[in-house]
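Quick caveat: nothing in here was measured; it's all calculated off a predicted structure.
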Amino acid sequence: QVQLVESGGGMVQAGGSLRLACAVSGRTFSDYAMGWFRQAPGQEREFVAAVSSSGRSTYYADSVKGRFTISRDNAKNTVFLQMNSLKPEDTAVYYCARSRIVAVTSGPYNYWGQGTQVTVSS
């Protein structure tokens, strides 16, 4: 059974930074694309960033482009989301997910973590 476990969430002031990590169980981590999504209260889950299986290709939502960076360490079965210049509107539960193909929509992702809360105060 594949398990994804996020960590690194917390509370930070506007302009601050956080680094999320997602550890993935299993021996085939490098075969899969990974994505980060977020869901704010009362809103639908939205795409944040994705990285190809090799790590060479990355994709970002317009709202986070230039502030967030997705990366992965295939030797450690971990994907990261470095979040800089955080804004109050970044407040949400952040989820990592695994997909056979790199995608900017949630449909292709078939394994999800439990989420980690990020709160940005003004």
Side-chain angles (χ1 to χ4, degrees):
Q1 182 71 9
V2 177
Q3 289 189 318
L4 290 74
V5 180
E6 301 98 337
S7 61
M11 184 176 292
V12 64
Q13 288 189 328
S17 298
L18 283 173
R19 189 190 195 207
L20 305 184
C22 173
V24 183
S25 65
R27 295 176 294 175
T28 59
F29 177 73
S30 60
D31 290 345
Y32 295 90
M34 297 296 299
W36 286 96
F37 292 76
R38 66 186 181 186
Q39 187 168 20
Q43 297 188 21
E44 294 188 353
R45 190 173 298 186
E46 65 173 0
F47 168 77
V48 175
V51 60
S52 62
S53 57
S54 67
R56 285 193 288 268
S57 298
T58 57
Y59 305 84
Y60 297 94
D62 287 343
S63 58
V64 307
K65 204 170 292 183
R67 300 187 298 122
F68 290 11
T69 302
I70 189 171
S71 62
R72 64 190 296 160
D73 185 338
N74 284 348
K76 296 183 178 180
N77 283 21
T78 303
V79 61
F80 303 97
L81 185 68
Q82 177 68 44
M83 305 186 295
N84 298 330
S85 303
L86 282 161
K87 305 175 181 180
E89 51 263 44
D90 295 318
T91 295
V93 177
Y94 283 71
Y95 300 88
C96 67
R98 192 189 83 167
S99 171
R100 271 290 185 187
I101 59 170
V102 64
V104 300
T105 57
S106 61
Y109 294 88
N110 54 0
Y111 285 97
W112 294 79
Q114 83 288 350
T116 186
Q117 176 71 46
V118 171
T119 302
V120 185
S121 61
S122 57

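Residue V102 comes nearest to A50 through the heavy atom pair CG2-CB, 3.8 Å, listed as atom of the first residue, atom of the second, then distance. Taking each heavy atom of A103 and P108 in turn, the nearest pair found is CB-CG, 3.6 Å.
Hydrophobic clustering (side-chain heavy atoms under 4.5 Å, transitive across Ile, Leu, Val, Met, Phe, Trp, Tyr) groups V12 together with M83. Y95 and W36 fall into different hydrophobic clusters, defined by Ile, Leu, Val, Met, Phe, Trp and Tyr side-chain heavy atoms under 4.5 Å apart, directly or through other members. Residues L20 and V5 are members of separate hydrophobic clusters, defined by side-chain heavy-atom contacts under 4.5 angstrom among Ile, Leu, Val, Met, Phe, Trp and Tyr.
Counting only residues at least two apart or on different chains, no ring pair (Phe, Tyr, Trp, His ring centres under 6.0 Å) pair has a member in residues 52-84. Sorted by first and then second residue, the disulfide bond (SG atoms under 2.5 Å apart) pairs involving residues 41-88 (not counting sequence neighbours) form an empty list. Applying the disulfide bond (SG atoms under 2.5 Å apart) rule to pairs touching residues 60-94 yields nothing, sequence neighbours excluded. Note on residues 100-122: pairs passing ring pair (Phe, Tyr, Trp, His ring centres under 6.0 Å), not counting sequence neighbours, are F37-Y109, F37-W112. The disulfide bond (SG atoms under 2.5 Å apart) pairs that include a residue from residues 34-81 number zero, where partners must be two or more places apart or lie in different chains. Among residue pairs with one or both ends in residues 41-122, those qualifying as disulfide bond (SG atoms under 2.5 Å apart) are C22-C96; sequence neighbours excluded. Contacts classified as salt bridge (Lys or Arg N to Asp or Glu O under 4.0 Å) and involving residues 64-83 (residues at least two apart or in different chains) are given here: D62-K65, R67-D90.
V24 is listed as a side-chain neighbour of M34, based on a closest heavy-atom distance under 4.5 Å.
Between atom CG of residue L81 and atom OG of residue S71 there is a gap of 8.5 Å, rounded to the nearest 0.5 Å. Atom CD1 of residue I101 and atom OG of residue S53 lie 11.5 Å apart, to the nearest 0.5 angstrom.
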Counting only pairs under 3.5 Å, give me each side-chain donor-acceptor contact of residues 40-47, with atom names and distances, residues two or more places apart or in other chains.
unit_1	atom_1	unit_2	atom_2	d
E46	OE2	R38	NE	2.6
E46	OE2	R38	NH2	3.1

Pairs of donor and acceptor atoms involving the side chains of residues 113-120, under 3.5 Å and at least two apart or interchain, shall be tabulated with distances.
unit_1	atom_1	unit_2	atom_2	d
Q114	NE2	E6	OE1	3.4
T116	OG1	G9	N	3.3
Q117	NE2	A92	O	3.4
Q117	NE2	T119	OG1	3.3

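Remark: S17 engages N84 in a side chain to side chain donor-acceptor pair (under 3.5 Å) (not counting sequence neighbours). Legend: residues meeting side chain to side chain donor-acceptor pair (under 3.5 Å) with R19, ordered by chain and number and at least two apart, are absent. Legend: residues meeting side-chain contact (heavy atoms from CB on, under 4.5 Å) with R100, ordered by chain and number and at least two apart, are D31, Y32.
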